[in-house]
Amino acid sequence: MNPRRFPFTREISLAVMAYLYVPVVVLIAYSFNANRTATIWTHASVSWYGRILENPSIQAAAWNSLVLAVCAATAATLLALLAALSTRRDFLGRGAAETVLNMPLILPEIVVAVATLLLFVALGVHLGLTAMMAAHTAFCIPFAYLPIRARLDGMSGTYEEAAQDLYASRFRTFRRVTMPMLWPGVMAGFTLAFVTSLDDFLTSFFLSGPGTTTLPVYIFSAIRSGISPEINAISAVMLVVSVLLVALSFFLGRLRR
Amino acid sequence: MTDASVPPAVSIRNVSKSFGKGIYTVPVLDDVSLNIDRREFFTLLGPSGCGKTTLLRLIAGFETANAGTIAIEGQDVTAAPPFHRPVNTVFQSYALFPHLTVEQNVAFALVEQGLAREAIRTRVGEALEMVRMGAFARRRPAELSGGQQQRVALARALAPRPRVLLLDEPLSALDLKLRKEMQLELKQLQAEAGITFLFVTHDQEEALTLSDRVAVMQAGKILQMGPPREIYERPTHRFVADFIGDINLLEGEALPGGGVRLGPGAVVPLTCATPGKVTIAIRPERARLATVGEGTLDATVIHSAYLGTAMLHKLGLPDGSTFLLRQSESSGPPPETGSRVGLTLPGEAIRVLLQ
Ligand SMILES: Nc1ncnc2c1ncn2[C@@H]1O[C@H](COP(=O)(O)OP(=O)(O)OP(=O)(O)O)[C@@H](O)[C@H]1O
Ligand SMILES: [Mg+2]
């Protein structure tokens with residue numbers, strides 16, 4: 001045995017893995033259960049996947065979630081990119097600026113969600129997709145910011161000097177050198193923001209108006225009228241989409257290097 | 001030396017530069033002036049931290065001077081951004097763009113210059129041929145060895161045909177053998193391309209072999225500037241003499257009536273502007289052995305080493321210091337270790353140094 005290894009490392013890792021993934025595996029398994037009662041196994045079937053495809057409220061909720069995640073992640077990535085570029089050089093208040101940017105990671109989401117709701121109501125903002133986009137963009141910023149910032153920190157300024165030395169103006173330098181070199185970080189940031197928005201329940205729950213339910217909110221309300229295998233199927237689809245996205249951005253990032 | 005009607009390739013007038021603010025100010029360049037002629041291979045030589053890179057970055061436009069002016073071929077560029085200066089840089093770290101191929105790296109500046117696609121292809125081909133990297137056009141920088149990256153960096157900087165090429169210790173990352181090879185290639189390239197080279201190094205041997213002229217820097221000042229031979233044979237400062245090659249430094253006293261006294265009874269015939277303490281320098285190959293009592297000084301042979309074509313003797317002087325003497329094979333049999341010898345210091349071989 002390797003003397004530098006702690007005893008039982010393998011056993012503990014296996015236990016942690018089981019702890020993390022058994023619920024997910026059970027959920028996916030039961031999404032293929034033919035029985036209407038979600039907790040009693042009869043035989044395998046994909047009929048619930050067919051059912052969610054036909055259900056118009058699920059379709060609407062999925063579409064809302066997708067539109068919301070794409071818009072919020074795009075806006076958050078753009079803002080995060082600007083923020084990362086402008087906090088590149090040291091200046092007075094740089095630390096404060098970064099803390100403010102990363103605040104959504106620390107603040108309790110329920111507090112922010114309630115506060116946003118109260119503010120929007122006070123301002124007379126119409127609740128719905130637009131309101132959710134604004135709120136989602138805000139809490140997605142740190143998720144997009146951190147990978148971009150990490151990439152930027154690892155990038156020597158010499159490349160940009162070299163570009164300017166080779167007659168590229170500041171804008172051309174940004175387009176031909178800074179941006180392409182930053183791209184993997186931007187991709188990673190976008191994916192993280194996208195998945196975070198897709199997954200969000202609290203903020204969406206408070207800010208969604210009639211007809212603008214997102215998938216997590218739909219699942220929550222559906223589950224109150226009894227657990228059905230349909231919910232297992234939707235959750236499994238969301239899981240697969242998220243994992244695929246993260247994997248895709250990871251591979252794209254590798255390709256660019 | 002040059003035609004006064006043609007402005008020099010690079011003209012630096014009274015440039016000073018410091019970093020930081022208030023009490024944290026660090027002066028880095030102190031009133032530097034120099035002219036570099038067209039097609040000259042000019043080298044900045046000095047120890048680490050003396051401000052060589054800073055001077056180069058001022059010329060490239062990455063830093064702004066606190067005072068003074070910089071002109072390139074007669075055109076004032078003191079306030080111009082790097083992309084408006086007709087100079088290119090070979091960076092110490094090469095700084096090849098990792099996301100572009102070798103070909104695209106070399107084409108980078110040509111695209112910015114707005115050349116037609118055909119012209120770009122021809123020029124890139126020529127530049128890569130010049131550094132013998134044609135076969136690697138489609139590779140990424142990460143797939144090249146250090147020497148190959150070095151060549152690509154050179155091709156990339158030469159492709160847009162700059163007026164002046166700035167090279168910041170471009171060979172320091174290479175091993176000794178490759179370094180010697182690249183030195184020769186650089187010199188050849190410079191002659192072929194007909195471009196002014198401003199080269200930075202802290203390696204005195206490299207500076208002497210490659211350059212038409214060398215400027216020796218210390219602590220932000222240029223101490224001496226001239227052809228390698230002059231720097232080697234007639235150093236003006238103690239620092240320059242000490243920095244370049246082997247040399248013997250002797251303390252002496254300039255006498256009011258002329259001559260410098262090195263010890264009791266040992267006077268060399270030199271004239272100094274002001275009497276008082278002076279340091280004199282003499283190269284090991286310029287001193288000669290003599291019979292005891294007939295030289296300038298008497299000395300003891302401490303140690304001798306055979307160098308192939310010559311002998312290097314380490315001599316002990318009466319005041320306890322040591323003296324290196326290089327004796328060529330043709331000048332008679334070498335003295336034995338421990339024996340007493342005379343030491344002749346020919347007046348024309350001695351330099352009186354400034355501190
Ligand atoms: N951006 C900067 N801020 C503060 N000090 C600096 C900066 N750049 C250089 N210096 C200081 O200026 C001095 C000269 O630096 P420079 O890089 O020009 O030296 P160098 O002669 O190129 O040395 P080396 O041979 O080690 O490359 C150093 O003392 C360095 O610490
Ligand atoms: Mg340097």
Side-chain angles (χ1 to χ4, degrees), chain A residues 77 80-81 84-95 147-191 248-257, chain B residues 20-21 53 56-63 77 80-101 104-115 120 124 127 140-143 149 152-153 155-168:
Chain A
T77 309
L81 181 61
L85 288 172
S86 50
T87 52
R88 198 173 177 188
R89 294 248 170 132
D90 205 4
F91 59 91
L92 196 72
R94 179 189 181 197
I148 296 176
R149 179 58 199 275
R151 182 85 193 170
L152 205 54
D153 281 348
M155 201 173 116
S156 147
T158 318
Y159 294 111
E160 281 145 318
E161 281 182 355
Q164 295 209 0
D165 189 62
L166 297 164
Y167 313 127
S169 64
R170 274 176 259 275
F171 174 73
R172 298 279 301 170
T173 298
F174 180 75
R175 245 207 51 179
R176 294 188 71 194
V177 173
T178 318
M179 207 43 212
M181 289 186 69
L182 220 47
W183 193 243
V186 173
M187 288 290 292
F190 178 84
T191 314
L248 185 72
S249 100
F250 180 76
F251 283 118
L252 282 181
R254 291 215 118 179
L255 281 186
R256 297 290 302 221
R257 265 196 307 160
Chain B
K21 287 193 187 113
T53 297
L56 218 61
R57 290 173 59 80
L58 281 168
I59 299 171
F62 304 136
E63 309 279 359
V77 296
F83 44 90
H84 287 155
R85 300 188 184 203
V87 301
N88 287 143
T89 309
V90 177
F91 292 85
Q92 186 170 0
S93 55
Y94 311 145
L96 295 175
F97 304 123
H99 60 291
L100 301 179
T101 61
Q104 291 167 332
N105 263 283
V106 178
F108 193 96
L110 307 177
V111 172
E112 292 305 322
Q113 287 177 326
L115 262 64
I120 292 180
V124 168
R140 301 258 164 164
E143 299 160 352
Q149 293 185 21
V152 175
R156 182 178 73 175
L158 284 172
R161 300 186 183 153
R163 300 295 189 199
V164 181
L165 192 68
L166 308 174
L167 305 104
D168 191 358

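From a predicted model like this one, the values you see are computed outputs, not experimental measurements. These numbers come from the heavy atoms of this one structure, side chains and all, not from hydrogens, waters or symmetry mates. Residue numbering restarts at 1 for every chain, and letters A, B, ... go by the order of the sequence lines.
- Contact detail for B:L96 and A:Y159: the closest heavy-atom pair is O-CE2, 3.1 Å.
- In terms of heavy-atom proximity, A:Y167 sits nearest to B:A109 at CD1-CB, 3.9 Å.
- Both the backbone and the side chain of B:F108 come within less than 4.5 Å of a heavy atom of chain A.
- Two residues are said to be in side-chain contact when any heavy atoms from C-beta on lie closer than 4.5 Å; A:R172 and B:F83 fail this criterion.
- More than 12 non-hydrogen atoms from other residues, nucleotides or ligands lie less than 6.0 angstrom from CZ of A:F91.
- Of the two parts of B:T89, the backbone and the side chain both hold a non-hydrogen atom closer than 4.5 Å to a non-hydrogen atom of chain A.
- You'll find the side chain of B:R156 reaches within 4.5 Å of the side chain of A:L166, heavy atoms only.
- Heavy atoms of B:L166 lying under 4.5 Å from chain A are absent altogether.
- Considering only heavy atoms from C-beta on, A:R176 comes within 4.5 Å of B:V111 through its side chain.
- Taking B:E112, B:Q113, B:H84 one by one and counting their heavy-atom pairs under 4.5 Å with chain A, the maximum is reached by B:E112.
- The contact between B:R57 and chain A is made entirely by side chain atoms (from C-beta outward), counting heavy-atom distances below 4.5 Å.
- When atom types are taken as modelled, the side chain of B:N88 and the backbone of A:D165 share a donor-acceptor pair closer than 3.5 angstrom.
- Remark: A:R175 CZ is loosely packed, at most 12 non-hydrogen atoms of other residues, nucleotides or ligands lying under 6.0 Å away.
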